[in-house]
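A short worksheet on the structure shown next.
Keep in mind that this is a model prediction, so the values were computed, not measured.
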Amino acid sequence: FQNPEYAGHQLQNYHFFVDLLMSEMSRLFYFSNLDVYFRFMPVVFSLLLGLGSYLLMTNWTGDKRAGWWAVFFTYFAGSFGYILTLIRDHKLGGESIFWVSQTQSVLGNPPHAAAFVILIAVLILLLKFFRSDFRWPVFVLIAVLGGALVEFKVYAGVLLLGGLLVVGLWELMKRRQPRPLYLFGSTF
């Protein structure tokens with residue numbers, strides 16, 4: 001493949017779908033690649049991240065207050081890595097010391113932000129999948145989004161697949177229910 005943002009250059013980035021999404025946005029709306037990548041899409045991803053957090057928690061708990069708390073913590077909470085570097089080095093830092101990326105850093109990294117948004121969407125669909133009778137559209141949508149997640153951010157896809165495998169094996173052993181394992185296989 002060629003990188004869609006830089007015609008004539010070989011694809012060297014493994015975040016192919018983000019590059020494809022950005023180049024299509026640039027082509028369709030006549031914005032420069034840099035404006036799409038660093039100005040417009042971080043705002044879109046930020047809004048989708050907040051909305052997704054709200055929807056996930058309200059669907060999961062049935063409580064709108066939990067949804068608002070999720071939005072608050074999505075935007076304003078982070079790890080306490082700065083305390084460790086303050087004690088150890090006597091300066092502020094440690095932004096990802098616990099392997100936890102802060103929201104402000106995630107939004108500056110479009111592949112990472114896109115993966116968060118897609119992962120939250122998949123989790124919302126998984127709630128619907130487990131709480132209802134089997135529905136093909138939800139099954140297919142989870143499989144397609146989950147399968148595409150690897151092309152946005154590889155480790156997000158690995159986390160999703162690992163989680164689906166564990167849940168699938170658990171459901172098979174505990175409840176003799178193979179649906180989640182089928183979902184893992186389709187997503188993989």
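One N or O on the side chain of Ser53 and one on the backbone of Leu49 form a donor-acceptor pair closer than 3.5 Å. Checking side-chain atoms of Arg131 against main-chain N and O of Trp60 turns up a donor-acceptor pair under 3.5 Å. Under a 3.5 Å cut-off, the side chain of Thr74 and the backbone N or O of Ala70 do form a donor-acceptor pair. Proximity of a side-chain donor or acceptor of Tyr37 to a complementary backbone N or O of Pro110 within less than 3.5 Å is not detected.
Closest non-hydrogen pair, Leu181 versus Leu169, comes out as CD1-N, 4.0 Å. Residues Ser26 and Asn33 approach most closely at OG-OD1, 3.0 Å, considering heavy atoms. Taking both residues in full, the closest heavy atoms of Val18 and Ala114 are given as CG2-CB, 4.1 Å, listed atom of the first, atom of the second, then distance. Closest heavy-atom contact between Ala143 and Leu183: N-CD1, 4.3 Å. What you find for Ile87 and His90 is that their closest heavy atoms are O-CE1, 3.8 Å.
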Derivation of the salt bridge (Lys or Arg N to Asp or Glu O under 4.0 Å) call for Asp89 and Lys91: CA-CA 5 Å; Asp89 302 330; Lys91 61 182 179 181; 5.4 Å; no
From CA spacing to verdict: side-chain contact (heavy atoms from CB on, under 4.5 Å), Lys153, Asn109: CA-CA 11 Å; Lys153 196 74 172 170; Asn109 181 347; 4.0 Å; yes
Stepwise side-chain contact (heavy atoms from CB on, under 4.5 Å) test for Val36 and Leu21: CA-CA 10 Å; Val36 170; Leu21 174 70; over 6 Å; no
From CA spacing to verdict: side-chain contact (heavy atoms from CB on, under 4.5 Å), Tyr54, Lys64: CA-CA 8 Å; Tyr54 177 80; Lys64 289 185 179 186; 3.5 Å; yes
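Other residues, nucleotides and ligands contribute at most 12 non-hydrogen atoms within 6.0 Å of the CZ atom of Phe188. By the neighbour-count criterion of 12 heavy atoms within 6.0 Å, atom CZ of Phe139 is densely surrounded, having more than that number from other residues, nucleotides or ligands.
Among residues two or more places apart in sequence or in another chain, the side chain to side chain donor-acceptor pair (under 3.5 Å) test is passed with Thr187 by none.
Rounded to the nearest 0.5 angstrom, Ile124 CD1 and Leu141 CG are separated by 11.0 Å. Atom CH2 of residue Trp69 and atom CZ of residue Arg65 lie 10.5 Å apart, to the nearest 0.5 angstrom. The distance from the CG atom of Leu48 to the CD1 atom of Ile118 is 10.0 Å, given to the nearest 0.5 Å. To the nearest 0.5 Å, atoms CG (Leu125) and CZ (Arg135) are separated by 12.0 Å. Atom-to-atom distance recorded for Phe184:CZ and Leu160:CG is 10.0 Å, nearest 0.5 angstrom.
Leu159 has its side chain out of reach of Leu149: every pair of non-hydrogen atoms, C-beta onward, lies at least 4.5 Å apart.
Phe29 and Phe38 fall within a single hydrophobic cluster, where Ile, Leu, Val, Met, Phe, Trp and Tyr are joined by side-chain heavy atoms under 4.5 Å apart, directly or via other members. Grouping the Ile, Leu, Val, Met, Phe, Trp and Tyr side chains by contacts below 4.5 angstrom, directly or via other members, places Leu28 with Met22. In terms of hydrophobic clustering, with Ile, Leu, Val, Met, Phe, Trp and Tyr side chains grouped at heavy-atom distances under 4.5 Å, Phe152 and Leu51 are assigned to a common cluster. Both Phe45 and Leu34 are part of a single hydrophobic cluster, where members link through side-chain heavy atoms under 4.5 Å apart. Tyr155 is not connected to Leu123 by any chain of hydrophobic side-chain contacts under 4.5 Å among Ile, Leu, Val, Met, Phe, Trp and Tyr, and they are in different clusters.
By the 30° and 60° cut-offs, the orientation of the rings of Phe31 relative to Phe40 is tilted. In this structure, Phe76 and Phe72 have tilted ring planes: the angle between them lies in the 30° to 60° band.
Legend: salt bridge (Lys or Arg N to Asp or Glu O under 4.0 Å) pairs involving residues 117-127, not counting sequence neighbours: none detected.
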